[in-house]
Amino acid sequence: MFPTPIARTAPWVQRTYKWLLPAALIVWLLPLIGIAVTSIRPSSDLAAGNYFGWPSGFNFIENYSTVFENSNIGWYILNSFKVTIPTVIGAVGLSCLTGYALAVYKFRANLLVFFMFVAGNFVPFQILAIPVRDLTLQFGMYNTTMGLVMFHVAFQTGFCTLFMRNFIKGLPFALIESARVEGVSEWKIFWYIVMPLMRPAIAALSVLIFTFVWNDYFWATVMAQSADVRPVTAGMNELKGQWKVAWELIAAASIIAALPPVAMFFLMQKHFIAGLTLGATKG
């Protein structure tokens with residue numbers, strides 16, 4: 001059912017694995033390395049066609065400072081935090097409640113409700129662009145931070161509920177039954193018994209949803225038009241000139257925009273891995 005650990009495989013398999021793993025890692029990192037190198041190239045290199053060669057100079061400070069001077073990237077990063085943090089809190093908070101209900105309570109429509117949450121994950125989000133845009137216009141939420149937050153919470157809650165329900169299913173149900181026998185209310189059981197055990201799952205989901213929403217480009221362009229609302233992924237379009245594209249500045253802005261989710265992952269790496277491991281093996 002599970003793959004054989006590398007330590008138990010044949011010697012030639014272990015040697016092949018040790019050679020292929022670094023090679024695969026380098027191939028996977030090549031785009032990021034290319035963007036990082038481009039972000040410190042002089043503009044003259046790109047104009048001369050030196051896209052992949054060794055840079056003729058290193059304009060690290062100049063390129064990164066120009067990004068902040070020639071665009072509102074600082075404001076766009078703040079906008080991204082305004083959208084991402086409430087979305088993480090809302091989606092993870094709702095999924096804790098819905099996941100607990102679907103995992104603990106047995107009612108007739110349990111599987112139907114769970115299926116609806118799961119089915120929502122298979123709907124291509126591109127086909128929702130026009131209905132969502134029309135809906136936000138009708139409610140006066142188009143081109144607003146609240147509109148982006150509400151949509152992301154609604155769209156991410158399905159996946160979060162699936163994850164939380166599977167995680168809670170793996171918890172020892174005897175703890176809940178014992179608390180019920182002692183007369184503890186359902187809310188206190190959830191808050192004081194189940195929630196502390198869900199910390200790894202909450203951390204893992206927080207990292208995933210933070211990354212998904214922060215890196216979103218499609219809805220950032222569909223539902224946000226003004227600079228007051230536009231997240232950083234859509235705001236980087238400012239760096240494209242009418243006649244010339246400053247790729248070194250766009251690359252620098254991309255590196256800056258990628259720092260928050262990377263930092264969050266490393267800060268919560270331990271809980272992230274624990275949450276994925278414990279929540280992925282129960283059905």
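Here the structure is a predicted model, which means the values were calculated and not measured.
Looking at Tyr142 and Gln225, their side chains come closer than 4.5 Å, going by heavy atoms from C-beta outward. Contact annotation: the side chain of Met164 approaches that of Ile202 to within less than 4.5 Å [non-hydrogen atoms, C-beta and beyond]. Between Met223 and Met141 there is no side-chain heavy-atom pair separated by less than 4.5 Å. The closest side-chain heavy-atom distance from Tyr51 to Asp45 is not below 4.5 Å. Looking at heavy atoms from C-beta onward, Ser43 lies out of side-chain contact with Asn59 at the 4.5 angstrom threshold. Glu186 has its side chain within reach of Tyr105: a pair of non-hydrogen atoms, C-beta onward, lies under 4.5 Å apart.
Heavy atoms from other residues, nucleotides or ligands lying under 6.0 Å from OH of Tyr192 number 12 at most. Atom CZ of Phe173 has more than 12 neighbouring heavy atoms from other residues, nucleotides or ligands inside a 6.0 Å radius. Around the CG atom of Leu30, the shell of radius 6.0 Å holds more than 12 heavy atoms that belong to other residues, nucleotides or ligands. Residue-environment remark: CZ (Arg199) stays at or below the threshold of 12 foreign heavy atoms within 6.0 Å. In the displayed structure, Ile127 atom CD1 is contacted under 6.0 Å by more than 12 heavy atoms of other residues, nucleotides or ligands. Few gaps surround CE on Met195; more than 12 heavy atoms of other groups in view lie less than 6.0 Å from it. Around CD1 of Ile33, the count of heavy atoms belonging to other residues, nucleotides or ligands within 6.0 Å exceeds 12. Annotation: Phe107, atom CZ; neighbour count of heavy atoms from other residues, nucleotides and ligands within 6.0 Å is above 12.
In this structure, Phe155 has its ring center no closer than 6.0 Å to that of Trp219.
The closest side-chain donor-acceptor pair between Ser95 and Thr157, if any, does not fall under 3.5 angstrom. Side chains of Asn63 and Ser39: a donor-acceptor N/O pair is absent below 3.5 angstrom, by distance only. Judged purely by distance below 3.5 Å, without hydrogens or angles, the side chains of Glu248 and Tyr64 never pair a donor atom with an acceptor atom.
To the nearest 0.5 Å, atom CD1 of residue Ile256 and atom OG of residue Ser71 are 8.0 Å apart. If you take SG on Cys96 and CG on Leu205, they are separated by 7.5 Å, rounding to the nearest 0.5 Å. The structure places CG of Asn215 at 9.0 Å from OG1 of Thr84, a figure rounded to the nearest 0.5 Å.
Note on ring orientation: taking the six-membered ring where Trp is involved, the planes of Phe163 and Phe159 are tilted (angle from 30° to 60°). Between Phe81 and Phe210, the angle of the ring planes lies from 30° to 60°, which puts this pair in the tilted group.
The backbone N or O of Trp75 lies less than 3.5 Å from no partner atom in the side chain of Asn72, so there is not a single donor-acceptor pair. Distance alone, capped at 3.5 Å, is enough to place a donor-acceptor pair between the Thr233 side chain and the Asp216 backbone.
Following chains of ILVMFWY side-chain contacts shorter than 4.5 Å, one cannot reach Leu259 starting from Ile73, and the two form parts of different hydrophobic clusters.
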